[in-house]
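Worksheet: one structure, shown below.
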Amino acid sequence: MKIKGRSISKGVATGKALISKHKISFLGAVDPTTGIIVDKSLDVYEEEITNCVLIFPGGKGSTVGSYVIYQLKKHGKSPCAMINRRADTIVAVGAIIAEIPVVDSLEIDIIEDELIRDGEEVLVNGTEGYVELR
Amino acid sequence: MHLTKEEERIYGGEEGWTKKKAMEILVAIGDINSASKLIPIKSAHVSGVSYKTIGEAFEFINSLEGTVKVKSTLNPIGMDIERWDKIGISGEFATKQTEVLAAYKKLGITAECTCVPYLLGRMPKMGEHLAWAESSAVLYANSVLGARTNMEGAPSALAAALIGKTPFYGLHQTENREPGIRVCVKCDIVDADYSALGFLIGNLVGNKIPVIELTSSSLPSKDELKHLSAAIGATGSVGMYHIRGLTPEADAIGVPAEKIEIEKGDVKKFYEENEEADVIAIGCPHCSSLELQHIYELLRAEGKGRKVKKDFFIFTARAIKQRMQEVVKKIENYSVKVICDTCFVVSPAFERYRCVLTNSGKMLRYVPLLCGGAKAKLCKTEECVRKAF
């Protein structure tokens with residue numbers, strides 16, 4: 001199923017979904033050297049985001065979070081793509097400098113409508129602004 | 001967002017990878033915030049410079065090429081460029097920090113590392129558009145100078161510097177500079193009270209721009225406005241404030257319906273903590289020439305020939321230290337260290353203390369988060385000096 005959205009950061013990638021219902025503050029929530037979520041308040045606590053398609057409502061917190069996303073990429077521990085309900089500038093800027101595809105504002109809310117579950121495959125086309133559930 | 005032909009070309013990568021990345025950042029931010037276009041800026045102020053906060057992400061800055069299109073300045077780094085070994089910075093950190101600084105210099109950014117760019121060189125004028133990071137400077141520029149900037153992040157200010165433009169939304173637009181809440185201050189305030197007031201306001205107003213109503217005998221100096229700006233920026237998410245009868249746009253604004261009151265007791269509470277401090281730090285934001293002069297006079301009055309008993313650091317911009325050489329020499333005769341290019345919070349050199357005494361509301365917020373578990377206690381400037389002996 002193909003769902004239209006808005007292009008935030010360019011590129012195309014396919015991976016297994018990892019879904020959080022919470023906004024994520026990358027500075028403090030993710031260990032940039034391991035890709036593991038270390039924020040106990042998150043529903044994805046102790047999950048590894050490496051090579052996943054990280055699906056979450058959006059970012060929050062310090063703007064240094066953008067550089068944490070970049071560090072994840074440098075360590076080979078970044079998600080392969082991200083989907084947001086509403087991307088914020090921290091995630092958008094981090095994804096652009098790290099060259100990770102991001103799409104937001106999908107015409108169907110895949111988090112709320114539970115159209116996808118953890119581990120299912122999803123394609124993110126950040127260049128054209130759509131996702132495809134496999 | 002509408003792009004001109006030239007902007008389209010940059011976005012398409014015709015002027016290289018660096019400008020393409022910078023343009024992609026600006027376009028994404030513009031789209032997220034429903035901006036209609038990009039507008040030219042007069043200057044940029046870039047944060048994310050201390051190796052303590054950005055770590056390996058400096059590889060990104062190192063990968064950029066070309067030069068910035070407007071006058072661009074840098075926030076404090078993690079050490080005093082000339083005296084890093086004297087304040088306990090490791091050689092390894094100094095090497096990394098020097099590389100970060102070199103990467104910014106290569107882009108044509110002025111290596112005057114300070115959080116008070118408005119005290120050096122050219123002061124932004126009323127109505128000018130800027131792209132500044134560093135929340136205290138953003139609040140000062142918008143509120144006190146009447147310039148216009150959103151609260152930029154480290155990479156977005158850098159992107160704006162490289163393109164010379166920023167997306168037109170938020171505080172760049174007159175209609176978004178209207179206050180949403182009145183803050184009535186019921187007591188006279190002075191010196192560090194402005195830090196306490198800002199700390200309270202940031203916590204209370206959320207993202208609504210406050211219009212502050214002071215008593216008729218509270219006449220804030222530029223330095224007090226600097227401390228108010230810094231404290232609001234530290235605890236709040238709002239990028240400007242008005243002060244009725246004082247700040248440049250305050251005459252043109254309406255009276256919001258929502259109102260909060262600040263009483264004497266609310267401000268007094270900040271001074272009640274009884275923790276014994278083991279260090280004193282002044283200069284967050286960086287001290288002005290006047291503040292240096294004032295601290296010297298306090299030291300002279302209190303010291304009577306004695307040196308301070310506690311570690312005492314003053315932080316300022318290198319150009320201000322140079323301008324005030326004689327005063328700085330006299331201050332250092334009291335065993336007080338005047339440090340440049342960095343500050344207590346962004347340098348790893350000051351993580352060995354238990355409790356720091358300061359006149360800064362910004363430090364009150366960030367020391368407990370970023371300084372190895374130290375506490376911070378607010379004091380008036382005079383009291384900070386008195387407690388040092």
Would you compute the distance between atom CG of Leu158(B) and atom OG of Ser66(A) and round it to the nearest 0.5 angstrom? 11.5 Å

Taking the side chain as C-beta and beyond, is there a heavy-atom pair between [X] and [Y] under 4.5 Å?
| X | Y | result |
| --- | --- | --- |
| Met151(B) | Thr89(A) | no |
| Ile97(A) | Ile25(B) | yes |
| Tyr70(A) | Glu59(B) | yes |

Given Arg86(A), Lys10(A), Lys74(A), the one with more heavy-atom pairs under 4.5 angstrom with chain B than any other is Lys10(A)

Chain A heavy atoms under 4.5 Å from Ile61(B): which part of the residue, side chain, backbone, both or neither? side chain

Verify the neighbour count for atom [atom1] of [X]: are there more than 12 heavy atoms of other residues, nucleotides or ligands below 6.0 Å?
| X | atom1 | answer |
| --- | --- | --- |
| Glu107(A) | CD | yes |
| Glu65(B) | CD | no |
| Lys23(A) | NZ | no |
| Lys69(B) | NZ | yes |
| Lys106(B) | NZ | yes |

Donor-acceptor pair, Gln71(A) side chain versus Ile54(B) backbone, under 3.5 Å? yes

Quick check against the 3.5 Å criterion: does Lys21(B) have a side-chain atom that pairs as donor or acceptor with the backbone of Ile96(A)? yes

Check the orientation of Tyr67(A) and Phe60(B). Use parallel for under 30°, tilted for 30 to 60°, and perpendicular for over 60°. tilted

Hey, which of Ile90(A), Val93(A), Val64(A) is the one that makes side-chain contact (heavy atoms from CB on, under 4.5 Å) with Pro155(B)? Val93(A)

So what's closer than 4.5 Å to chain B heavy atoms on Asp88(A): side chain, backbone, both or neither? backbone

Below 4.5 Å from any heavy atom of chain B, which atoms of Lys73(A) appear? Answer side chain, backbone, both or neither. neither

Between Thr53(B) and Leu27(A), does the side chain to side chain contact (heavy atoms under 4.5 Å, CB included) criterion hold? Intermediate values first, please. CA-CA 10 Å; Thr53(B) 49; Leu27(A) 182 67; over 6 Å; no

Minimal heavy-atom distance between Ile32(B) and Ala87(A), with the atoms involved, is CG2-O, 3.5 Å

